[in-house]
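Structure, as structure tokens:
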Amino acid sequence: MKLLADMSLEEITADFLAEGLPKYRAKQVYKWVMRGVGFDGMTDIDKATRSLLSQKYIACPLTIIKKLVSSDKTQKYLYRLHDGNVIEGVLMNYKYGNTLCVSTQIGCRMGCKFCASTLNGLVRNLTAGEILAQVITANAENAAQNEKRAVTNIVLMGSGEPFDNFDNVVGFLKLVNSPEGLGVSYRNISLSTCGLVPEMYRFADLRLPVNLTVSLHSPIDEKRREIMPIANKYSVKEIINAARYYFEQTGRRVIFEYTLIEGQNDTEKDAKNLAGVLKGFPAHVNLIRLNPVRERNLSATKNNQAQKFLGMLESLGVSATIRRQMGVDINGACGQLRNDYLKNES
């Protein structure tokens, strides 16, 4: 069975015409799919047509099976996919709008030591429509009506490495940007990678004005290898060069995510080395105090040390901020809710 969320309006139209259905049916169905409504709720379509479509297509590829709300109003969702697998997402409220963190894979194979998503390895890639459905479902959950969208910004920073699922992620970006669909601007989308260098160049050549975020976490190769296995394949220098190329191709400033881990990467030496590798590059550093993961023996840098680290970077001419921690009381870190669910089900 095909997922309608995987398909553009043009593709749905072509399929429906081949089935002998009138062209206007495609627009009707597409409208409902973008609202997260299943066949039973498509009230302007006759029952016989809905029955026919339900035998060949899946209208809603995922549903929310658990929702947690933090004291800071962050919402965390556990989704069940049509094949029974589970993923998660987080909706964060900011002054400028609501940002949805979406997953791109079920699990992850990158093995970063500070992340819960990778604890059980990679199950499979998500399709473009399964990524899109996370946005559609969050809109529906927050009573988005007609042209109004609850989700104004999207970050591909949930479970999975987006560039390890390159084609489906690019497909999602084009679907979610489509004016016939949700129409989310590329400039309101951020994609985070742990540093898959060839894919960074490949993505840059597409020249989509998406905000690229690189999970660096240490400017020193030896230290980076201790917490990020991908560092055994690509050096910090290679990653910085690829990031510079992305800036040259798109004109978009690259953001470097830097999770502060107590005693691992938060010293004066680390700050100086970070400033050194970013010298002359119009980039921004997003400092993040670690969201603790029970299964990992790592602790977040204390707040006063985080502020000191920020001050050191600024004194060295680096643009940097400390990201506000959100959703800590509802297992906000990537993969935690899914892992808890899997443990309880086993």
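Sequence positions, counted from 1, serve as the residue numbers for this chain. What you see below is based on every heavy atom in this structure, not just the backbone, and it leaves out hydrogens, waters and symmetry mates.
Salt bridge annotation for Asp44-Lys31: present, with a cationic side-chain nitrogen under 4.0 angstrom from a carboxylate oxygen. Salt bridge status for Lys233 with Glu238: absent, with no side-chain N to carboxylate O gap under 4.0 Å. The pair Lys56-Glu19 counts as a salt bridge, with a side-chain nitrogen and a carboxylate oxygen less than 4.0 angstrom apart. A salt bridge links Asp270 with Lys223: the closest approach of a Lys/Arg side-chain nitrogen to an acidic carboxylate oxygen falls below 4.0 angstrom. The pair Lys308-Asp266 does not count as a salt bridge, with every side-chain nitrogen at least 4.0 angstrom from each carboxylate oxygen. Between Glu226 and Lys113 no salt bridge is recorded (no basic side-chain N to carboxylate O distance below 4.0 Å). Using a cut-off of 4.0 Å between Lys/Arg side-chain N and Asp/Glu carboxylate O, Glu257 and Arg323 are scored as salt-bridged.
Side chain to side chain, Gln28 and Tyr30 fail the donor-acceptor criterion of an N or O pair below 3.5 Å. Between the side chains of Glu161 and Thr104, no donor N or O sits under 3.5 Å from an acceptor N or O. Using modelled atom types and a 3.5 Å distance limit, the side chains of Ser117 and Ser159 yield a donor-acceptor pair.
Each of Val86 and Leu122 belongs to its own hydrophobic cluster when Ile, Leu, Val, Met, Phe, Trp and Tyr are linked at side-chain heavy-atom distances under 4.5 angstrom. Cluster membership check: Leu21 shares its hydrophobic cluster with Ile12, using side-chain heavy-atom separations under 4.5 Å among Ile, Leu, Val, Met, Phe, Trp and Tyr. Grouping the Ile, Leu, Val, Met, Phe, Trp and Tyr side chains by contacts below 4.5 angstrom, directly or via other members, places Leu81 with Tyr79.
Taking the ring axis of Tyr246 as reference, the NZ or CZ atom of Arg252 does not stay both within 45° of it and closer than 6.0 Å to the ring centre. The cationic group of Arg244 lies under 6.0 Å from the six-membered ring centre of Phe281 and within 45° of the ring axis, placing it in a cation-pi geometry.
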What's the verdict on ring pair (Phe, Tyr, Trp, His ring centres under 6.0 Å) for His217 and Phe256, showing C-alpha distance, side-chain angles and the deciding distance? CA-CA 8 Å; His217 308 306; Phe256 290 92; over 10 Å; no
For the pair Arg289 and Glu262, evaluate salt bridge (Lys or Arg N to Asp or Glu O under 4.0 Å) and give the outcome as yes or no after the intermediate values. CA-CA 9 Å; Arg289 292 182 61 233; Glu262 189 174 43; over 6 Å; no
Between Tyr24 and Phe16, does the ring pair (Phe, Tyr, Trp, His ring centres under 6.0 Å) criterion hold? Intermediate values first, please. CA-CA 9 Å; Tyr24 70 85; Phe16 282 18; over 10 Å; no
Under the criterion side-chain contact (heavy atoms from CB on, under 4.5 Å), I'd like the reasoning laid out for Ser192 against Ser215: C-alpha separation, chi angles, the key distance, then a yes or no. CA-CA 7 Å; Ser192 178; Ser215 295; 3.4 Å; yes
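You'll find the side chain of Leu175 stays beyond 4.5 Å of the side chain of Met7, heavy atoms only. For the pair Thr74 and Leu91, the minimum side-chain heavy-atom distance is 4.5 Å or more. Residues Asn286 and Ile322 fail the side-chain proximity criterion, which asks for heavy atoms closer than 4.5 Å.
Under the 30°/60° scheme for interplanar angles, the aromatic rings of Tyr201 and Tyr245 are found to be tilted. Ring pair Tyr94/Tyr96 is parallel by interplanar angle, where below 30° counts as parallel and above 60° as perpendicular.
Hydrophobic cluster of Leu17: no remaining members, since no ILVMFWY side chain lies below 4.5 Å from it.
Partner of Gln105 under the side chain to side chain donor-acceptor pair (under 3.5 Å) criterion, out of Asn165, Asn168, Asn125: Asn125 alone. Looking at Val29, Leu3, Asp15 one by one, the single match for side chain to side chain contact (heavy atoms under 4.5 Å, CB included) with Tyr57 turns out to be Asp15.
Smallest separation of non-hydrogen atoms from Gln249 and Ala204: CB-O, 3.5 Å. Taking all atoms of both residues into account, the shortest heavy-atom contact from Tyr234 to Gly195 is CD1-O, 3.3 Å.
No more than 12 heavy atoms of other residues, nucleotides or ligands lie within 6.0 Å of CD in Glu268, so this atom counts as exposed by the packing criterion. Open room surrounds CZ on Arg109; 12 or fewer heavy atoms of other groups in view lie less than 6.0 Å from it.
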